[in-house]
Amino acid sequence: MCLLWIFFPFIFFFFFFFFFFFFSPETTIPICAKDISDDLMKEFAFLSGGRGKDKAWIITLPDNARFNEVPEEVVSKVLTYLTSVPSQHESDTKFILILDRRLDTWTSVKTTLQKIASFPGNLHLVMVLRPTGFFQRTFTDIGFRFSQEDFLLKLPVVMLSSVSDLLTYIDEQQLTPEFGGTLEYCHSEWVIFRTAIESFALTVKEIAQMLQSFGTELAETELPDDMYSIERILALRTEKYYQLKVRLISNSTTGFQPLLAQLPCQLLGQLHEMETAFDGFWEKHQLKMEQYLQLWKFEQSFQEVKSAIEFLMGQQAEVPDTGDSILQVKQRLKDLAHFDGMAQDLIGKAQVVILHGHQLAANHHYALNLICQQCNELRHHSDVLSDEIKRKQVRLQKTLDLHTRLQQALQCCDEGAYLLANQQMDKCQSKEGAQKALQDIEKFLENSSAYLNYDPQALHYDFESVLTSELKCQIQSVQVKLENVRSMFENRQSCFKKLLDKHVRPVQLVAPRPENPPRSKSPLFSPKHKNNILFFFLYFSHVINELIETERVYVEELFTVLTGYRAEMDNPAMLILMPPVLRNRKDVLFGNMPEIYDFHNKIFLHSLESCLGAPERVGFCFLDRREDFQMYEKYCQNKPRSESLWRQCSESTFFQECQRKLEHKLGLDSYLLKPVQRLTKYQLLLKELLKYSTSCDGVQELQEALVAMLDLLKSVNDSMHQISITGYDGDLSELGKVLMQGSFSVWTGHRKGPTKMKDLARFKPMQRHLFLYEKALVFCKKREEHGDGYDKTSSYSFKHFLKMNAVGITENVKGDHRKFEIWYSGREEVYVVQAQTVDLKMAWLNEIRKILFKQQELIKGTFDQFLHGIHSAAELFLFSHC
């Protein structure tokens with residue numbers, strides 16, 4: 001907002017016509033009339049305003065009897081002042097001195113000429129009216145004749161005998177009455193006028209300097225970045241303008257009314273023009289400042305709305321326009337509805353900003369192009385945000401319709417399977433029972449025909465715009481399930497119709513065959529009783545459906561926890577409700593739950609759903625992903641830290657608000673336990689499947705899957721114990737994986753060295769908790785549980801460990817079949833270990849033997865490589881010396 005270019009011409013105009021009118025721009029005036037007013041009032045010299053024929057200014061030294069008493073420096077000061085007055089307006093100013101000495105003596109004339117010898121200006125001519133007395137006139141003529149050369153060298157002197165001789169050099173109108181002229185002159189009035197006009201000039205100069213300072217301040221002051229400070233600066237400048245305006249009017253007129261009346265009309269016009277220019281400058285400056293303030297407010301509003309729209313655009317961009325489940329799609333529609341409400345508010349604010357911009361443009365704002373550009377930009381951002389949210393809402397709504405149809409079809413399948421599973425086959429052996437069951441089936445098929453007869457091609461056509469690979473897989477899996485259910489109903493109908501035909505025809509006794517033909521294995525079941533074939537098939541299908549349905553529920557529950565709790569910990573609006581101890585600790589509270597959710601949602605659930613048409617592949621699903629299930633071990637190891645953090649914050653408003661939004665009846669701690677519960681649920685469902693699949697295809701894989709899940713549970717349990725070990729100096733992970741852990745009675749002994757007193761007391765065993773790692777056997781002492789309620793925990797105090805590469809075992813110890821011996825470094829140390837059961841002992845021995853066998857294989861492989869290297873070196877040596 002640099003306005004100095006407006007202000008400087010005004011300052012120059014004012015300064016030139018008022019300051020320069022009274023003071024020369026080339027010289028600094030050291031003397032003012034006020035400073036020498038007493039000397040001027042002596043009237044020994046005056047400037048009448050008359051001019052000679054050659055335009056030289058006339059300075060008159062009247063006949064003054066006391067002139068010789070005036071000091072020379074006073075004379076010089078007065079003459080300097082008088083010569084400076086016309087020099088302010090003209091360059092190369094010439095002067096004429098009139099020395100009136102008609103009533104004086106030659107001595108006075110000579111003294112006067114000597115005093116004016118150092119005249120401060122361009123002295124053109126000195127005219128002396130010599131004394132009129134006879135003797136003084138004669139002395140003057142004689143004295144001037146003898147001194148003429150000296151005077152002419154310094155001053156151009158002309159001796160005049162009478163006043164009439166002056167008319168030769170000066171017109172009558174330029175002479176004062178005492179010289180016979182007509183020029184009116186009053187010395188006292190002239191002194192008063194000069195004093196007043198110089199005072200007026202000084203006042204005008206001060207005002208000019210203030211205006212110049214004001215203009216410099218406006219030009220050089222940097223405007224701040226906040227609206228309040230800008231408004232304050234504008235108010236202060238406005239106040240200062242009015243102060244200058246008042247001073248300009250009052251100080252330039254008050255006390256100078258008589259003077260102003262004598263000033264030329266040109267100067268008065270220039271004074272008025274100066275005032276008008278100052279007013280015009282201020283109006284332009286004030287307009288610019290007000291427009292700058294308007295632009296600042298507009299840009300601030302523009303940036304706020306634009307940033308809010310961009311932030312909301314980023315938030316809605318994180319919401320996908322599809323979903324893999326009804327709950328997921330509903331949650332995303334809910335999020336979009338929330339974003340849409342925020343977007344409508346922002347669009348309303350944007351419209352207000354755009355309207356403000358149009359008003360500024362209509363008022364001819366100096367930043368018209370910038371304002372129009374920003375209005376268009378804001379309108380574009382608003383349209384893009386609104387269109388993107390609407391597009392996603394349409395796609396998600398259509399996806400929800402598809403999921404709803406698929407869910408209805410799946411629900412219909414479940415209801416049909418439930419109907420078939422709950423039909424009592426023993427009551428259906430009669431005609432009435434079979435008819436009743438057949439009618440129930442036909443009624444169900446009639447009511448469910450809209451869902452059971454879904455056409456996958458029609459679904460693909462109707463929802464082609466929203467189909468993803470995941471949705472296509474779901475449609476395919478639903479279609480497979482529909483075909484299976486329709487096949488089940490057809491088989492059941494056929495069975496009941498055959499029973500009805502059997503009741504219609506007479507019963508014929510048929511002798512039993514001596515041998516049963518060999519049967520092939522059923523891919524689904526191997527019933528022991530023919531009448532229970534259908535029951536086994538239906539129950540097997542029911543267990544598989546339960547496995548898949550509970551898996552879907554599990555995935556949805558994980559999703560709600562991650563979006564409804566974990567994601568809210570990053571929500572700025574919820575930050576105020578979050579306890580300080582909870583901030584930045586979501587990885588502690590939820591562990592690796594996001595990793596578990598991704599695995600089940602993207603991989604394992606789809607694998608299970610593909611088993612609807614091929615139940616024998618259930619075991620393969622678990623075996624193919626057994627390594628992925630190891631992530632549960634990490635989750636369970638973090639569980640104590642998670643529970644401790646939850647206990648500190650369980651009553652916080654943050655969790656209550658999240659639970660209210662999700663409409664959950666149970667708290668977060670119940671959902672944090674879901675992964676552990678799900679891991680246990682798998683082995684129970686696998687056992688149920690094995691119960692009804694004793695001789696079918698895939699039973700071996702089911703058995704292996706069950707063993708794998710049981711091993712996983714054991715590994716998780718062992719790792720949970722491991723994290724409670726205290727006192728170990730080192731990293732336990734360097735010892736390898738925990739293979740087994742348990743409590744034992746232990747006796748110690750030494751082969752060499754003196755017997756220690758404490759060894760004599762080893763008749764009573766030590767209670768030790770042993771951890772078998774791949775590289776070491778760790779001995780710990782179990783500490784009693786401490787704390788109350790939830791804070792009860794167990795810990796294991798580290799005692800010592802044995803490296804497995806130096807361990808040996810003796811399987812049997814006399815006296816007790818539950819004991820075995822572990823010796824170390826060639827029986828330097830011997831430990832007798834007693835298990836609680838023989839089976840537990842054998843399990844430990846088997847694991848230890850496996851470790852020792854692997855070590856032997858590793859050593860053998862290393863030794864073979866060493867021998868091979870020596871053999872190769874020997875051959876190379878012999879070859880080189882042949």
Side-chain angles (χ1 to χ4, degrees), residues 325 327-328 331 546-569 578-579 581-582 585-601 604-605 608 622 625 628-652 654-688 709-724 785 787-795:
S325 65
L327 184 63
Q328 193 179 65
Q331 181 63 39
E546 181 182 357
L547 174 62
I548 296 174
E549 291 303 322
T550 55
E551 184 71 15
R552 289 171 179 158
V553 172
Y554 175 56
V555 170
E556 290 179 358
E557 287 176 340
L558 292 181
F559 176 76
T560 57
V561 170
L562 292 176
T563 57
Y565 285 98
R566 191 177 189 275
E568 288 297 302
M569 294 178 70
M578 194 182 305
V581 69
L582 190 62
R585 301 192 69 189
K586 61 183 179 182
D587 291 335
V588 175
L589 185 62
F590 296 95
N592 63 330
M593 184 180 285
E595 181 185 8
I596 294 174
Y597 168 75
D598 289 338
F599 164 64
H600 285 272
N601 181 52
F604 194 63
L605 176 58
L608 290 179
F622 284 90
R625 303 297 176 186
D628 294 319
F629 276 100
Q630 296 299 321
M631 66 180 68
Y632 278 87
E633 186 171 329
K634 180 179 178 182
Y635 183 83
C636 293
Q637 288 177 352
N638 180 68
K639 200 70 175 64
R641 298 174 63 208
S642 174
E643 290 174 350
S644 175
L645 181 59
W646 164 254
R647 288 194 294 272
Q648 298 178 53
C649 311
S650 59
E651 301 299 328
S652 69
F654 172 78
F655 288 122
Q656 294 175 2
E657 180 64 16
C658 292
Q659 184 176 346
R660 185 192 64 79
K661 289 182 180 179
L662 294 173
E663 299 179 355
H664 282 178
K665 295 181 180 180
L666 301 176
L668 174 62
D669 56 331
S670 299
Y671 289 93
L672 293 176
L673 199 58
K674 292 291 182 180
V676 182
Q677 294 172 340
R678 188 60 183 170
L679 209 56
T680 307
K681 183 72 173 178
Y682 285 136
Q683 57 95 12
L684 295 176
L685 292 172
L686 289 173
K687 287 179 180 179
E688 286 294 312
M709 296 310 296
L710 292 173
D711 289 343
L712 177 61
L713 285 171
K714 177 181 175 300
S715 176
V716 168
N717 184 54
D718 292 344
S719 66
M720 292 292 289
H721 284 276
Q722 171 193 272
I723 63 175
S724 298
E785 295 183 350
D788 297 323
Y790 286 109
D791 293 330
K792 276 193 173 183
T793 56
S794 298
S795 64

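No experiment lies behind these values; they were computed from the predicted model shown.
Using a 4.5 Å heavy-atom cutoff, the side chains of E546 and K681 are in contact. Under the 4.5 Å side-chain criterion, counting only non-hydrogen atoms from C-beta, L673 is in contact with K639. L605 is listed as a side-chain neighbour of R552, based on a closest heavy-atom distance under 4.5 Å. At least one side-chain heavy atom of L672 sits less than 4.5 Å from a side-chain heavy atom of S642.
Checked by atom type and distance alone, the side chain of T563 pairs as donor or acceptor with a backbone atom of F559 at under 3.5 Å. Judged by distance alone, the side chain of N592 and the main-chain N or O of M631 form a donor-acceptor pair under 3.5 Å.
In plain terms, the two heavy atoms of C636 and V676 that are nearest each other are SG-CG2, 4.0 Å. Of all the heavy atoms in V581 and L645, the pair that sits closest is O-CD1, 3.9 Å. Between R678 and L547, the shortest heavy-atom distance links the atoms NH2-O, 3.3 Å. Residues L558 and P675 share a closest heavy-atom pair of CD2-CG, 4.3 Å. Nearest heavy-atom pair across V716 and E633 is CG2-CA, 3.9 Å. Across every non-hydrogen atom of Y597 and L562, the tightest pair is CB-CD1, 3.6 Å.
For Q677, the CD atom is densely surrounded, since the number of other residues' heavy atoms within 6.0 Å is greater than 12. The environment of NZ in K634 is sparse: at most 12 heavy-atom neighbours from other residues, nucleotides or ligands sit within 6.0 Å.
Note that CE of M569 and SG of C658 are 9.0 Å apart. Values are rounded to the nearest 0.5 Å. Put simply, NE2 on H600 and CD on E551 are 5.5 Å apart, with the number rounded to the nearest 0.5 Å. In this structure, CG in L713 is found 5.5 Å from OG1 in T680, a value given to the nearest 0.5 Å. Between atom CG of residue L582 and atom CG of residue L589 there is a gap of 6.0 Å, rounded to the nearest 0.5 Å.
Here Y565 and F654 keep their ring centres 6.0 angstrom or further from each other.
Defined by atom type and a distance below 3.5 Å, a donor-acceptor pair is missing between the side-chain atoms of Q331 and T560.
Residues passing the salt bridge (charged side-chain N to carboxylate O under 4.0 Å, His left out) test with D628 are R625, sequence neighbours excluded. Taking F590 as the reference, nothing meets the ring pair (Phe, Tyr, Trp, His ring centres under 6.0 Å) condition, with sequence neighbours excluded. For F655, the ring pair (Phe, Tyr, Trp, His ring centres under 6.0 Å) partners two or more places apart in sequence, or in a different chain, are W646. Applying the ring pair (Phe, Tyr, Trp, His ring centres under 6.0 Å) criterion to Y635, with sequence neighbours excluded, gives no partner residue. Not counting sequence neighbours, the partners of Y671 by the ring pair (Phe, Tyr, Trp, His ring centres under 6.0 Å) test are H664.
Contacts classified as salt bridge (Lys or Arg N to Asp or Glu O under 4.0 Å) and involving residues 554-568 (residues at least two apart or in different chains) are given here: E557-K674, R566-D587, E568-K661.
Relative orientation of the Y632 and F629 rings is parallel, given thresholds of 30° and 60° on the angle between their planes.
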